[in-house]
Protein chains: 2
Amino acid sequence: MSEQDKQIVDEKRRQLLKIGAGTIAGVSAVAGAGTWVKHRVDGVVQDEFPVEVSPDYRSMDQRDVLLTFGMSPKLAKQYPERNLTFGEETAGPIQPGEKPFNFQNHMINFATAHERADNDRVGYTQLDYSLEQACWYGMNNLAPLQSTGVPNSGTLSWDQSDLHHEKYPFKDSVEMISAIKTAAKTFGAVRVGVCRRDKRWDYDPLYDVTQEKTLTWEEDFPFEPKSVIVMLTDMDYEPMATAPMIPASATAAMGYTNNTIQAGAMAKFLRGLGYQAVGSGNDMGNSVAYAIAAGLGEGARNGTLIAPTLGPRVRISKVYTDLELDDVTYDKPRNFGIMEFCEHCKRCAESCPSQAISMDDKPSMGPTYPGCDDPKYNWQGLSGMRKFYTDSKKCFKFWSENGGDCGVCITACPWNKPDFWHHRLIDASNAVTSGVVHTMMKQADILFGYGNVNDEQAVIKFWRSGIDGDFT
Amino acid sequence: MSEQDKQIVDEKRRQLLKIGAGTIAGVSAVAGAGTWVKHRVDGVVQDEFPVEVSPDYRSMDQRDVLLTFGMSPKLAKQYPERNLTFGEETAGPIQPGEKPFNFQNHMINFATAHERADNDRVGYTQLDYSLEQACWYGMNNLAPLQSTGVPNSGTLSWDQSDLHHEKYPFKDSVEMISAIKTAAKTFGAVRVGVCRRDKRWDYDPLYDVTQEKTLTWEEDFPFEPKSVIVMLTDMDYEPMATAPMIPASATAAMGYTNNTIQAGAMAKFLRGLGYQAVGSGNDMGNSVAYAIAAGLGEGARNGTLIAPTLGPRVRISKVYTDLELDDVTYDKPRNFGIMEFCEHCKRCAESCPSQAISMDDKPSMGPTYPGCDDPKYNWQGLSGMRKFYTDSKKCFKFWSENGGDCGVCITACPWNKPDFWHHRLIDASNAVTSGVVHTMMKQADILFGYGNVNDEQAVIKFWRSGIDGDFT
């Protein structure tokens, strides 16, 4: 931060303390000043999965995952009506007189966007797109297309032929989980948790779009998973601050490359110890649900994970293994006060360029977005979990139009901050903090100038950060 | 750091301040308290390459690089006497009655060490070796064998077929270097510098051991490089503290994987901007010389780079490109006081298990180790640069016997520290600090308990760090 920036922040802080003194004092009283730092890291351990799940909740068929469907000519042919649920003029069910623009076209638009770089358009130049392509380069060479959900590829292969013939003689479950977490750190993960495998979160059947075939856990997957190791990698603050412009897509791509390195390495590590293991990115199951189960964060209004101190600025990888811990050793879900906060803060939804994020006051057991009752539009039919449902088709349509994968809901989120002292305020939120305080926190965030989107200055600042920023 | 550890450090600090008060005050007076932090980052810019190089200094033939020679059955056959310069009993020229043990055997020993993991030997168990193999997994799948110097492989390919047909219209050199450094940060590099290509530091001819053929810059390399981008990735403190045991090899392997990701991404980025570029790890040239030229650190007694605040706990990658900056924009070499420090501190040499590191008081223009005058033993014939010459054959022989790649000289170095306030003392060293102060700094380091090697407790602490350490 430059001297000038520091002075501005100091001035803002004075304003904030003046206008919000009473409320801030309230936060302090609720959270207990000395416990803040501890609280934000530890959270409050939950006895069970902290999100209400209906007894008739069904695992998702991977053929219904939007990007999988979008990648598959076979599925597009099989379900032509699904392909046409993207109107050209507006997202939502196609209106009379509206020209259909199908999903396959959107996918092609999206995948070739870098070829249409425009050096007169800040954030969409050859410079921005070259960076994005470079960030994908690692993943593309390690496990191609895993970001779109293709399983069993490259270093995330299901092959177990390098499985060590002897199991390493761990003394107990604590030694196991400590070894796993130490390895995760060594591979560069910023957080790691281990939970039981939960069939509810796994796609079933799985679908390999490159071969256009379904895969079952029982017949195709090489073993019965007992545990899932969940790792987070962080995306950089400065490029993410340019969302929805292309530097934000670049740091997301780098997140996928890091995911692939970390998940591949963890699976290789476990196989070397005699345990069957397969690394996974967006394929094979719901990463957010597993990250919640492993105590790494909570589900957010925008549908992503929010992790304490990092916010939604993370990417998730997971490793399925037949290694099993005893019940007390598994990580447990934790309450960091995030879901409560999301109820009162709607900043992501207000910022979303496609209005894909719910503005509801409370989470619900099924979608509430326009068109959700029309099975022709809402063919995915997701329901049975209490959360905020986003309209993923509107979201993706914006990606295609934008020529990059957005990220506005990550940038706008008050939990997304570089690590300065005054940002720890937001982390003091917890289950007993009142809605008034949450609203105040969001307003404070706006006052400080955080969470702006479509900010051309952020692009200029990002590309200068290599020589202006801290690089020690 | 645990509470107990903190108390121990506090106690040590009190002792240090008591016994060393006068000397410490001296450091303070020399460096000027307020300038320490700035100094350690910036260094003092040098007009020219800061190491004396003889006018008749010759580029190294890559066939003479130890690991390249060791990987090549063809070269072993061509130069059988070189292969026999590794005695079985002692390193150095083979003595009468000593059974020869050739380099090829050492290479095989080294490469298969993980198959001989021993769960009764702390630091060499299946757990340790599985981690090492997992850390190599990324590099092995991106650019196989680049750590041993194989050029033109995988993501470090010389292929330029994805070169963009138009050059991005950079405004000036400053915009270029800022874009490069911003990209390096995004790829995960911890430092980056850009210098002119200098033929003296490039291997010539190059050698591809997988194809057993020499390659020339003029005929085989796709373009004439103008600049070299040098990036550092850091290795983790805790596994490195176990050197020469296998967790230290693991973090080095992860360094190579990160190098490969970063160099591959940077080359891809530049090609996307219309500039020819090839990523490189240990292949193609002397990474230490290029890192010095790019202002990232200084050459150390042990032959590695020492970077301020990170010490020798770094790995270096480089990218050759035809992008050219104006003279004032290139990074320049910098003096951080490191070479001066190395003259007075011999801790790496004292700790080296194979006595491969020079104990000389001053650097020299050629090797001084035992056997260096015998051309049969010293067939590499390196000379012509003022530095401390290590006996790389002794070093590698220990790797083979150890079953891992050592790292003791990195661990023992007083510049290798986690980032606590009291470690910044060492960074206050500079060109005008006296030798008495350097010696005091080294003693202070020993008093604090840093730089221990062969420390079984470090292995136990490392494998507990996933649950005991900071992971926020």
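Chain letters run A, B, ... following the sequence lines, proteins first, then strands; residues in each count from 1.
Contact of B:His164 with chain A is made through the side chain alone, with heavy-atom distances under 4.5 Å. Heavy atoms closer than 4.5 Å to chain A are found in both the backbone and the side chain of B:Phe462. At a 4.5 Å heavy-atom cutoff, the contact between B:Thr155 and chain A is made by backbone and side-chain atoms alike.
Among B:Asn141, B:Asn140, B:Ile180, B:Thr186, the residue with the largest count of heavy-atom pairs under 4.5 Å with chain A is B:Thr186. Chain B forms more heavy-atom pairs under 4.5 Å with one residue of A:Ala134, A:Pro239, A:Gly272 than with any other, namely A:Ala134. Among B:Glu166, B:Met266, B:Gln126, the residue making the largest number of heavy-atom pairs under 4.5 Å with chain A is B:Gln126. By number of non-hydrogen pairs under 4.5 angstrom with chain A, the leading residue of B:Ala179, B:Ala117, B:Ala307 is B:Ala179.
The closest side-chain donor-acceptor pair between A:Tyr330 and A:Ser173, if any, does not fall under 3.5 angstrom.
Each of A:Thr260, A:Val314, A:Asn259 was checked for a side chain to side chain contact (heavy atoms under 4.5 Å, CB included) with A:Thr233, and the lone residue meeting it is A:Asn259.
At least one donor-acceptor pair under 3.5 Å links the side chain of B:Thr242 to the backbone N or O of B:Ala248.
Counting only residues at least two apart or on different chains, the salt bridge (Lys or Arg N to Asp or Glu O under 4.0 Å) pairs with a member in residues 255-276 of chain A are A:Asp162-A:Lys268, A:Asp162-A:Arg271.
With respect to the salt-bridge test (charged N to carboxylate O, under 4.0 angstrom), the residues A:Asp331 and A:Lys181 qualify.
Put simply, the side chain of A:Ile261 reaches to within 4.5 Å of the side chain of B:Met254, judged on heavy atoms.
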